[in-house]
Amino acid sequence: MTESAWTFLGAVILLFGSGTSLGADTPTAVKAPDNVCEDSIAGVAAVEPKLDCAFFKTTKTSRPWHIVEHDGTLENTFGDGISAEDLLLIEQTANCTSTHQGKHLMEFCDAVKTKDGVKFTLSGGMPAYASDMTVTIDAKLHFKCEFSATYPDYSGPLQWKITKKALKLKSAKLDDRNRIYGWISVEFEERDNAAQKPRTFKIEGYFKPFIQSLPKVEDNSKVPE
């Protein structure tokens with residue numbers, strides 16, 4: 001069995017074993033509780049109204065990663081039937097390159113409005129590459145990065161450390177139901193119990209997700225009369 005096939009099988013086992021739901025291209029396997037990512041670098045996003053690239057002007061879509069097309073027919077690689085959700089085309093809202101586990105594209109970005117800013121997550125490359133980068137930006141454009149990854153054949157704790165980062169935004173307005181256009185570059189180290197020296201990786205590229213509204217929380221503090 002090839003390395004990609006083993007990676008796919010391991011990812012499927014982890015995803016279903018965790019009891020979590022499957023998203024478009026975002027790995028949902030629960031990482032080990034001892035895994036941790038450190039970002040002690042003070043970073044502030046630069047606002048560049050002239051920030052532009054061809055990716056901002058084009059639209060590209062794809063099917064969920066577990067749906068494969070064969071001669072005009074669709075196959076659910078998990079063995080299930082094809083549902084209406086499987087037929088939806090997903091917009092590729094990121095154009096980033098990651099060198100983690102091998103060079104690959106991270107083509108998806110989900111963003112959600114927070115109380116004082118926005119949080120977005122870059123992902124892509126499933127089933128071969130199960131990793132993501134989450135970036136949290138506050139009202140003053142300070143930002144923190146958190147990398148996460150799952151290895152199908154490794155259960156020990158992993159540590160990541162952000163060593164260099166830069167973030168550019170086309171606008172400082174982080175309003176929900178609008179797009180956030182930006183560019184990011186993050187370098188980080190990965191260390192495990194077996195490695196004597198940390199491994200260095202990089203994620204860099206553009207993103208343009210819609211900012212989803214902050215989920216409403218019901219106020220149950222009031223006692224009915």
Side-chain angles (χ1 to χ4, degrees), residues 18 20-31 35-53 55-62 64-65 85 88-96 98 105-126 130-149 160 162 165-186 188 203-222:
S18 66
T20 55
S21 60
L22 293 170
D25 204 317
T26 303
T28 56
V30 177
K31 63 181 180 181
N35 290 357
V36 63
C37 182
E38 174 190 347
D39 181 5
S40 58
I41 301 175
V44 181
V47 178
E48 298 187 4
K50 294 184 179 181
L51 182 68
D52 199 10
C53 68
F55 172 69
F56 290 164
K57 301 180 180 67
T58 59
T59 300
K60 186 177 179 180
T61 60
S62 60
W65 65 268
E85 186 176 353
L88 295 177
L89 294 176
I90 305 164
E91 182 185 6
Q92 296 181 1
T93 50
N95 186 25
C96 296
S98 171
L105 288 176
M106 302 183 84
E107 299 171 307
F108 299 94
C109 183
D110 295 319
V112 61
K113 179 68 177 175
T114 61
K115 291 182 179 179
D116 63 345
V118 69
K119 179 168 67 175
F120 66 86
T121 300
L122 297 166
S123 64
M126 288 288 282
S131 61
D132 59 64
M133 174 72 73
T134 298
V135 181
T136 304
I137 312 172
D138 66 17
K140 295 183 179 180
L141 301 186
H142 298 98
F143 70 100
K144 289 284 188 180
C145 299
E146 182 178 5
F147 179 79
S148 177
W160 298 284
I162 307 300
K165 64 183 184 181
L167 178 64
K168 298 178 183 179
L169 301 176
K170 193 174 182 68
S171 173
K173 294 182 179 180
L174 304 176
D175 301 326
D176 53 352
R177 295 185 296 277
N178 289 320
R179 283 192 189 268
I180 174 174
Y181 293 91
W183 171 89
I184 190 169
S185 179
V186 182
F188 59 96
I203 295 174
E204 183 174 285
Y206 293 91
F207 55 90
K208 56 173 184 180
F210 276 104
I211 303 176
Q212 302 177 37
S213 300
L214 182 68
K216 294 183 179 180
V217 179
E218 295 184 4
D219 184 4
N220 297 321
S221 61
K222 295 182 180 180

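Heads up: numbering here begins at 1 and tracks the sequence. From a predicted model like this one, the values you see are computed outputs, not experimental measurements.
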Quiz prompt | Intermediate values then yes/no, salt bridge (charged side-chain N to carboxylate O under 4.0 Å, His left out), D52 and K57 | solution = CA-CA 9 Å; D52 199 10; K57 301 180 180 67; 2.4 Å; yes
Quiz prompt | Heavy-atom side-chain contact between F210 and R177 under 4.5 Å | solution = no
Quiz prompt | Side chain proximity check, E146 to T136, heavy atoms < 4.5 angstrom | solution = no
Quiz prompt | Minimal non-hydrogen separation, I162 against I41, with atom names | solution = O-CD1, 3.5 Å
Quiz item: Residues two or more places apart in sequence or in another chain: which of them pass salt bridge (Lys or Arg N to Asp or Glu O under 4.0 Å) with K165?
Solution: D39
Quiz item: Distance from M133 atom CE to F188 atom CZ, nearest 0.5 Å?
Solution: 5.0 Å
Quiz item: Which of these passes side chain to side chain contact (heavy atoms under 4.5 Å, CB included) with I137: T114, L167, V44?
Solution: L167
Exercise. Would you name the heavy atoms of C109 and P209 that are closest together and state the gap between them?
Key: O-CB, 3.2 Å
Self-check item: Where N35 and A149 come nearest, the two heavy atoms and their spacing
Solution: ND2-O, 4.2 Å
Quiz item: Are the side chain of K113 and the backbone N or O of L174 linked by a donor-acceptor pair below 3.5 Å?
Solution: yes
Quiz prompt | P49 backbone acceptor or donor facing K170 side chain under 3.5 Å | solution = yes
Quiz item: Is any side-chain heavy atom of E91 less than 4.5 Å from a side-chain heavy atom of K208?
Solution: yes
Quiz item: How far does CH2 of W183 sit from SG of C96, to the nearest 0.5 angstrom?
Solution: 10.0 Å
Quiz item: Is it true that the side chains of S123 and D132 contain a donor and an acceptor less than 3.5 Å apart?
Solution: no
Quiz item: What distance separates L169 CG from L51 CG, expressed to the nearest 0.5 Å?
Solution: 8.5 Å
Quiz item: Are I184 and L122 close enough that some pair of their side-chain heavy atoms sits under 4.5 Å apart?
Solution: yes
Quiz prompt | For F56, ring pair (Phe, Tyr, Trp, His ring centres under 6.0 Å) partners two or more places apart | solution = Y181, Y206
Self-check item: Validation row: C145, F147 side chains within 4.5 angstrom (heavy atoms)
Solution: no
Self-check item: Heavy-atom check, side chain of I203 versus side chain of M106, under 4.5 Å
Solution: yes
Exercise. Using a strict 4.0 Å threshold on nitrogen-to-oxygen distance, state whether K144 and D138 make a salt bridge.
Key: no
Quiz prompt | Step-by-step side chain to side chain contact (heavy atoms under 4.5 Å, CB included) determination, F108 to Q92 | solution = CA-CA 5 Å; F108 299 94; Q92 296 181 1; 4.1 Å; yes
